[in-house]
Amino acid sequence: MQDPQPLRAILHRALARYLTVTSRGFLLDGQHEPVRRLVVRILGYGGARTLYQQRKPVCRSLDGVVAVTEPTKQCEACAQHDSCTPQVRLDLVVDGKPHRLLLAFTSAKNFLAYAGRLDVQRIGVDSIQHELVVVPRSGWGEIQFREAR
């Protein structure tokens, strides 16, 4: 396949269920109380960017190159590029359902360090199950990663 863009667009639309992280844990569909720990399978990850205005996402790129909200909009040429939040996108399976999780700052740093440790051990991120734990911080939740037991 020469142009993976159509396949990538289908994948990004198919995995539109986002995990929400609070200081008390993950909010999953149909649950009223946050869950502090999740066991997941990570299908893939990559760079992403989100432009927030008044704490709401107004533009998002799931690859850091092209906006999902406006497919003709190139991130590199966007006048608001410097205002975007760089993120790490995780495509996950939680309880047999596909989800997406966008990580920024500390949680992204934690994931990249974890993925690096797995790489040194020659363990593919997509080959094992992982435990994600939310550590409460003042007003937000930091995600830590480890191999599921």
Side-chain angles (χ1 to χ4, degrees), residues 1 3-53 55-69 71 74-76 81-149:
M1 177 184 270
D3 183 12
Q5 199 59 32
L7 185 58
R8 183 177 291 136
I10 291 168
L11 177 68
H12 289 323
R13 280 194 306 272
L15 299 174
R17 189 179 291 132
Y18 285 86
L19 274 178
T20 301
V21 180
T22 70
S23 62
R24 295 178 47 224
F26 298 98
L27 294 175
L28 296 169
D29 296 335
Q31 292 188 342
H32 301 290
E33 288 297 315
V35 178
R36 204 162 158 250
R37 298 174 190 274
L38 286 177
V39 175
V40 305
R41 178 150 323 263
I42 298 174
L43 301 176
Y45 64 95
R49 300 185 74 79
T50 302
L51 175 64
Y52 293 96
Q53 291 179 348
R55 302 186 70 159
K56 294 186 190 293
V58 294
C59 184
R60 176 165 285 152
S61 170
L62 297 175
D63 58 7
V65 179
V66 178
V68 173
T69 50
Q74 301 287 317
C75 295
E76 188 176 290
H81 183 268
D82 291 339
S83 301
C84 287
T85 301
Q87 298 170 310
V88 172
R89 180 199 79 253
L90 298 182
D91 295 322
L92 314 165
V93 175
V94 181
D95 294 330
K97 297 176 187 164
H99 286 78
R100 179 168 294 126
L101 178 60
L102 295 176
L103 307 171
F105 308 116
T106 307
S107 295
K109 184 181 99 180
N110 292 347
F111 173 74
L112 294 173
Y114 172 68
R117 286 192 305 273
L118 291 177
D119 189 48
V120 167
Q121 298 172 17
R122 298 193 190 284
I123 299 172
V125 171
D126 59 350
S127 68
I128 62 171
Q129 289 194 319
H130 311 274
E131 183 178 23
L132 281 58
V133 179
V134 175
V135 176
R137 303 293 183 217
S138 57
W140 58 283
E142 175 186 332
I143 304 172
Q144 296 181 347
F145 300 83
R146 61 180 162 240
E147 293 177 56
R149 300 187 199 287

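In what follows, residues are counted from 1 in the order of the sequence shown.
In terms of heavy atoms, C75 sits closest to G64 at CB-O, 3.6 Å. Closest heavy-atom contact between D126 and L43: CB-O, 4.1 Å. Across every non-hydrogen atom of R36 and F26, the tightest pair is O-CE1, 4.0 Å. Listed here is the closest heavy atom pair of V65 and S61: N-OG, 3.2 Å. The two residues G141 and S107 come nearest to each other via the heavy atoms O-OG, 4.1 Å. The shortest heavy-atom contact between I42 and F111 is CD1-CE1, 3.8 Å.
Around CZ of R24, the count of heavy atoms belonging to other residues, nucleotides or ligands within 6.0 Å does not exceed 12.
Both tests do not hold together for R137 against F105: distance to the six-membered ring centre under 6.0 Å, angle to the ring axis within 45°.
Judged as a salt bridge (charged side-chain N to carboxylate O under 4.0 Å, His left out), and not counting sequence neighbours, the contacts of E131 are R37, R146.
If you take CZ on R41 and CD1 on I128, they are separated by 8.5 Å, rounding to the nearest 0.5 Å. With rounding to the nearest 0.5 angstrom, the OH atom of Y52 is 10.0 Å from the SG atom of C84. We find the CZ-CZ distance between R60 and R100 to be 8.5 Å, quoted to the nearest 0.5 Å. Atoms CG and NE2, from L27 and H32 in turn, are 11.5 Å apart once rounded to the nearest 0.5 Å.
Between E76 and H81, every side-chain heavy-atom pair lies at or beyond the 4.5 Å cut-off. Side chains of L132 and L101 form a contact here, defined as non-hydrogen atoms less than 4.5 Å apart.
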For Y45 and L103, run side chain to side chain contact (heavy atoms under 4.5 Å, CB included): C-alpha distance rounded to whole Å, both residues' side-chain angles, the deciding distance at 0.1 Å, then the answer. CA-CA 10 Å; Y45 64 95; L103 307 171; over 6 Å; no
Using the side chain to side chain contact (heavy atoms under 4.5 Å, CB included) rule, take V40 and L90 through it: C-alpha gap first, then chi angles, then the decisive distance, then the call. CA-CA 11 Å; V40 305; L90 298 182; over 6 Å; no
Is there a side chain to side chain contact (heavy atoms under 4.5 Å, CB included) between H130 and L92? Walk through the geometry before answering. CA-CA 10 Å; H130 311 274; L92 314 165; over 6 Å; no
L38/L19 under side chain to side chain contact (heavy atoms under 4.5 Å, CB included): CA gap, chis, key distance, verdict: CA-CA 11 Å; L38 286 177; L19 274 178; 4.0 Å; yes
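R17 contributes a side-chain N or O that, together with a main-chain N or O of P98, makes up a donor-acceptor pair within less than 3.5 Å. Between the side chain of N110 and the main chain of I143, a donor-acceptor pair closer than 3.5 Å is present. Between the side chain of H99 and the backbone N or O of L28 there is no donor-acceptor pair closer than 3.5 Å.
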